[in-house]
Number of protein chains: 2
Amino acid sequence: MTPEPNILIVDDEAAIRDMIGIALDTAGFRSTTASTALDAHVNIIDQRPDLVLLDWMLPGGSGIELARRLKRDELTASIPIIMLTAKTSEDNKVQGLDVGVDDYVTKPFSPRELVARIKAVLRRSTGNLKDKPIRVFDLEMDPASHRVMVEDRPVEMGPTEYRLLNFFMTHPEKVYSRDHIQDQVWGANVYLEERTVDVHIGRLRKALSSASKTGINYSALIQTVRGAGYRFSTRHD
Amino acid sequence: MTPEPNILIVDDEAAIRDMIGIALDTAGFRSTTASTALDAHVNIIDQRPDLVLLDWMLPGGSGIELARRLKRDELTASIPIIMLTAKTSEDNKVQGLDVGVDDYVTKPFSPRELVARIKAVLRRSTGNLKDKPIRVFDLEMDPASHRVMVEDRPVEMGPTEYRLLNFFMTHPEKVYSRDHIQDQVWGANVYLEERTVDVHIGRLRKALSSASKTGINYSALIQTVRGAGYRFSTRHD
DNA sequence: AAAAATTGTCATCAAAATGTAATATTGCAT
DNA sequence: ATGCAATATTACATTTTGATGACAATTTTT
């Protein structure tokens, strides 16, 4: 995750978007906005925000619909959602929570309260999954320090290679096509040459292969599967 | 899914249909076309395409209506729909998302973008059905990792041999003619010399026979049936 | 503002896979 | 055993696919 979490604000009223945007800015978040459910959906698929602030009362009542859709789709299910609503009616709350929304803020709210809730949700969602280091032999990825270590010494690599390795280490022993890797590492709807994945695989391999002093070649963990894609595996071919 | 996904293009303008058709062809998709909502509906029921590209602005505004109908009907609800639209009008978008359309592409679009989006949507909709590994004695085929293992050791083989073995293991104890094998492994509408199948059978046997350390010859599972074809069987001839 | 790092693309090389034809071998009926 | 047809194997030219270094554009750091 980037140092400053990226929050998507979805509301049809420009004034509210601006107000929240300023509040988040002050609190050290980056933010983008969308005024319709579709804009929001496209943005989420493309940008993968760290959290979505979603107005309940979007035109056509599509806020709840969008939330449901996001939670149903595996690709977006893990993105936390905070619902914004003017109503205080109980069954709305129940409905929202039903859908899998992570929290619920009723208008009017103070910027301070909103920020506090956002931080709480982010802490919950990022703390659970991402803090545990992953280790394979003497190759260790520590998301907390955002570092890759081989034999306890840091390995230099670019951000893209880091994300690539992270994806592989969290999805071992499976082939992924170049397309799939693009989706996961660069985000959906980013159009790259197919070969670009090869190049970054190459860079990652290079970084890993020169890392060990004990002669182990960690780049062998990243295997080419001809005609299919790539695979991270501890079993050699 | 068939080797080449079948895409239905629904648009009332022949020029656009052709343009898209060519783009899809180049990308390795098969495509069929329909110019009216009714045609499209019939085609969908009939052919069960893997994805529908649906023009928003069909005469009578029936594009959206068709989408809604398809998503409401259980038989067709699982077929992904990508909407093509010239407009960026907001309420249209909201409506479409409401209906359950899977993605949107606004005209004009580049063929590349269209293809990328199609792939992304297809991956999402089909990727969920993960195949389970198949095992016969100590010969195991795992589609997820795209690997063949004998006695827990990976076996090297080319993509074609992999597909061939996959076909056999999913269709055991039956004879298949060379023609039939060609259809299944290479795809229909591919013409090959009959003997080519023999060669690949040979390559597969070779890969399997040298795989075991315990003296078992797994190539014996692939049996020649003189005058008929080949058979994958655990029983001896 | 300058320097350094990162990025995506392309051209080129190398390796692997493919299909075919030629040749060898096998199984079977006689 | 013999001859024949079917299948197996081999060798090879061609095609496909992946790896890699160079490069320009962009972004980030200094």
Side-chain angles (χ1 to χ4, degrees), chain A residues 2-4 30 146 148 154-165 175-183 185-187 189-210 217 219-231 237, chain B residues 3 26-28 110 112-113 116 146 148 154-166 175-183 185-187 189-210 217 219-231 236-237:
Chain A
T2 42
E4 307 134 23
R30 281 180 301 129
H146 208 264
V148 177
V155 182
E156 300 277 324
M157 66 178 70
T160 304
E161 283 72 43
Y162 179 87
R163 272 179 288 134
L164 190 52
L165 181 59
V175 227
Y176 293 97
S177 69
R178 291 172 174 72
D179 276 345
H180 205 287
I181 292 171
Q182 281 190 18
D183 271 11
V185 175
W186 279 263
N189 296 338
V190 175
Y191 314 119
L192 299 172
E193 279 312 306
E194 282 248 310
R195 295 277 139 244
T196 299
V197 175
D198 297 41
V199 173
H200 282 277
I201 290 273
R203 286 168 182 159
L204 176 55
R205 278 173 173 159
K206 192 174 175 185
L208 289 178
S209 64
S210 57
N217 184 3
S219 74
L221 294 169
I222 294 157
Q223 302 168 353
T224 303
V225 183
R226 233 161 208 268
Y230 295 96
R231 172 179 56 205
D237 311 87
Chain B
T26 311
S110 72
R112 182 194 227 192
E113 178 185 354
H146 205 271
V148 178
V155 181
E156 304 261 350
M157 67 180 69
T160 304
E161 284 71 44
Y162 180 88
R163 273 179 285 134
L164 191 52
L165 180 59
N166 185 67
V175 212
Y176 293 98
S177 70
R178 290 172 174 72
D179 271 349
H180 199 267
I181 292 171
Q182 280 190 19
D183 278 2
V185 175
W186 278 263
N189 73 24
V190 176
Y191 173 76
L192 294 174
E193 216 46 57
E194 276 238 318
R195 296 280 133 239
T196 299
V197 175
D198 297 41
V199 173
H200 283 277
I201 291 273
R203 285 169 181 158
L204 176 55
R205 279 173 172 159
K206 190 174 174 187
L208 290 178
S209 63
S210 57
N217 184 3
S219 74
L221 294 169
I222 294 158
Q223 301 167 353
T224 304
V225 183
R226 201 150 235 267
Y230 296 95
R231 173 180 54 206
H236 292 277
D237 306 272

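Each chain gets a letter, A, B and so on, in the order the sequences are listed, and its residues count up from 1.
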Sugar-phosphate or base contact per nucleotide [nucleotides 22-30 of chain C; S, B, -; heavy atom under 4.0 Å]: ----BS---
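- Between A:Gln223 atom CD and D:dA19 atom C1' there is a gap of 16 Å when expressed in whole angstrom units.
- Remark: B:Thr196 is in phosphate contact with C:dT20, judged by side-chain N or O atoms under 4.0 Å from OP1 or OP2.
- Picking from C:dT20, D:dG18, C:dT18 the nucleotide with the shortest atom distance to the side chain of A:Thr224 gives D:dG18.
- Within the 4.5 Å cutoff, side-chain heavy atoms of A:Trp186 are placed close to those of A:Ile181.
- Whole-Å rounding puts the B:Met157 CE to C:dT18 P distance at 12 Å.
- Taking every side-chain heavy atom of B:Tyr230 into account, D:dA8 is the closest of C:dG8, C:dT20, D:dA8.
- At whole-Å resolution of the value, CD in B:Glu194 and P in C:dT18 are 19 Å apart.
- You'll find that the side chain of B:Leu192 is closest to C:dT20, out of C:dG8, C:dT20, D:dT9.
- Annotation: proximity of residues 200-208 of chain B to DNA chain D (heavy atom, distance under 4.0 Å) is found for B:Arg203, B:Arg205, numbered in ascending order.
- With sequence neighbours left out, the ring pair (Phe, Tyr, Trp, His ring centres under 6.0 Å) criterion links B:Tyr230 to no other residue.
- For the pair B:His146 NE2 and D:dT17 C1', the computed distance is 14 Å after rounding to whole Å.
- Taking the six-membered ring for Trp and thresholds of 30 and 60 degrees, A:His180 and A:Tyr176 have ring planes inclined between 30 and 60 degrees apart.
- If you check C:dG19, C:dC10, D:dT7 against the side chain of B:Trp186, the one that comes closest is C:dG19.
- Nucleotide C:dT20 holds its P atom 7 Å from the OH atom of B:Tyr191, rounded to whole Å.
- The CD-C1' distance, from B:Glu193 to C:dT18, rounds to 14 Å in whole Å.
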Cut-off 3.5 Å, no hydrogens considered: what does the side-chain donor-acceptor table look like for residues 154-162 of chain B, sequence neighbours left out?
unit_1	atom_1	unit_2	atom_2	d
B:Thr160	OG1	B:Arg163	NH2	3.1
B:Glu161	OE1	B:Gly158	N	3.3
B:Glu161	OE2	B:His200	ND1	2.5

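- Scanning for side-chain hydrogen bond (donor to acceptor under 3.5 Å, both in side chains) contacts around B:Arg195 gives B:Asp198, with sequence neighbours left out.
- As a whole-Å value, the separation of A:Gln182 CD from C:dT7 P is 14 Å.
- Between A:Arg178 atom CZ and C:dG8 atom P there is a gap of 16 Å when expressed in whole angstrom units.
- The C1' atoms of five pairs define one axis at each end of the helix from C:dA1-D:dT30 to C:dT30-D:dA1, and these two axes lie 40° apart (to 10°).
- Panel note: side chain B:Arg205, backbone B:Ile222; a donor-acceptor pair is recorded below 3.5 Å.
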